[in-house]
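Here is the structure we will look at.
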Amino acid sequence: MTNPLDLDGKVVLVTGGSRGIGRGIAVRFLEAGAEVVVCGRQPPEHLPAAGARQASFVACDVRDVEQVDRLCAGVAERWGRLDVLVNNAGGSPPADAATVSPRFSASIIQLNLIAPLWLAQRANAIMQAQETGGVIVNIASVSGVRPSPGTAAYGAAKAGLINLTQSLAVEWAPRVRVNAVVAGPIRTEQAHLHYGSDAGIAAVDATIPLGRMGTPEDVASACLYLASPLAAWVSGTALVVHGGGERPAFLDAAKAGA
């Protein structure tokens, strides 16, 4: 029986794929046998690798449409195809919505919504010309489906990315499938910037029904599923990967007041 998770011969592009969640995604696709290309503004000290297999790196600031054009054209020229795009690059530092500058807000929306659209457009143009089509996976966030205080523009952009996913899945079917992974709190090498000390991370862990924050590998496994033949009839969906969500605050409040 053919292994549906064997992506030997497939070409996968992971934006922001040299660290954090993106690195985990790149490694998972390498393990599945794919040729993996990662991009970022600066080359990493160590490229994602699985055994003797290593990802390729292309410098690209995804907020620059000309660089995005060169990136996608270069992938198509070198490998002759593009089977999977994972729009992972994104994020935001904390910012007070009442005082944040218009330039900051615009840059956050550019990175988390406009850039994925640009990349998806270029990837779609390649995939539509392939007999086997292709798959686009957008990395969204629970910040896009619940309040996002302190990162309001980011949450709004991720909400837009989920809607964009649904729209593109309709427009580009049947040759290209488009899905999103809605990620909950993920413990990466930069988790302390958001959650503080180990004690802070442990406190966040305690709010999650499955007892821990997610890992890049958890998100990566969801991406591999969505890119594989196992998800051949899955498109336009937002797969929530958040360990069961957050324990409702009213439960603890009611218990404390009893």
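Being a predicted model, the structure only gives us computed values, none of them experimental. Values reported hereafter were calculated over all heavy atoms of this structure, with side chains retained and with hydrogens, waters and symmetry mates removed.
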How long is the span from the [atom1] atom in [X] to the [atom2] atom in [Y], to the nearest 0.5 Å?
X	Y	atom1	atom2	answer
Ser107	Ile114	OG	CD1	12.0 Å
Arg28	Tyr225	CZ	OH	16.0 Å
Ile136	Leu85	CD1	CG	5.5 Å
Ser56	Trp79	OG	CH2	4.0 Å
Arg19	Glu45	CZ	CD	13.5 Å
Ile25	Asn88	CD1	CG	4.5 Å

Got a donor-acceptor contact below 3.5 angstrom from the [X] side chain to the [Y] backbone?
X	Y	answer
Gln54	Ala49	no
Asn112	Ile108	yes
Gln128	Trp172	yes
Thr151	Tyr154	no
Ser141	Val182	no
Arg53	Ala34	yes

Hey, does [Y] have a side-chain heavy atom less than 4.5 Å from the side chain of [X]?
X	Y	answer
Cys223	Ile139	yes
Val37	Val12	no
Val86	Leu13	no
Trp118	Gln110	yes
Glu246	Ile208	no
Val75	Val11	yes
Leu226	Val181	yes
Leu47	Val38	yes

In terms of hydrophobic clustering (I, L, V, M, F, W, Y; side-chain heavy atoms under 4.5 Å; direct or indirect links), are [X] and [Y] co-clustered?
X	Y	answer
Val14	Val241	yes
Leu161	Val178	yes
Val68	Val84	no
Val204	Val240	no
Leu71	Val135	no

(message) Under a 4.0 Å threshold between the charged nitrogen and the carboxylate oxygen, would Arg81 count as salt-bridged to Asp83?
(response)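 Looking at Arg81 together with Asp83, the answer is yes, because their closest N to O distance falls below 4.0 Å.
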(request) Identify whether the distance between the nearest side-chain nitrogen and carboxylate oxygen of Arg187 and Asp198 falls below 4.0 Å. (result)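 Salt bridge present between Arg187 and Asp198.
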(request) Check each of Ile186, Ile201, Thr188 against Met213 using the side chain to side chain contact (heavy atoms under 4.5 Å, CB included) test, and report the only one that passes. (result)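 That would be Ile201.
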(message) Taking CZ in Arg146 as the centre, count heavy atoms belonging to other residues, nucleotides or ligands within less than 6.0 Å. Is the count above 12?
(response)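 Yes, CZ of Arg146 has more than 12 neighbouring heavy atoms, counting only those of other groups under 6.0 Å.
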(message) Are there over 12 heavy-atom neighbours, none belonging to Arg122, within less than 6.0 Å of that residue's CZ?
(response)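 It does: Arg122 CZ has more than 12 such atoms within range.
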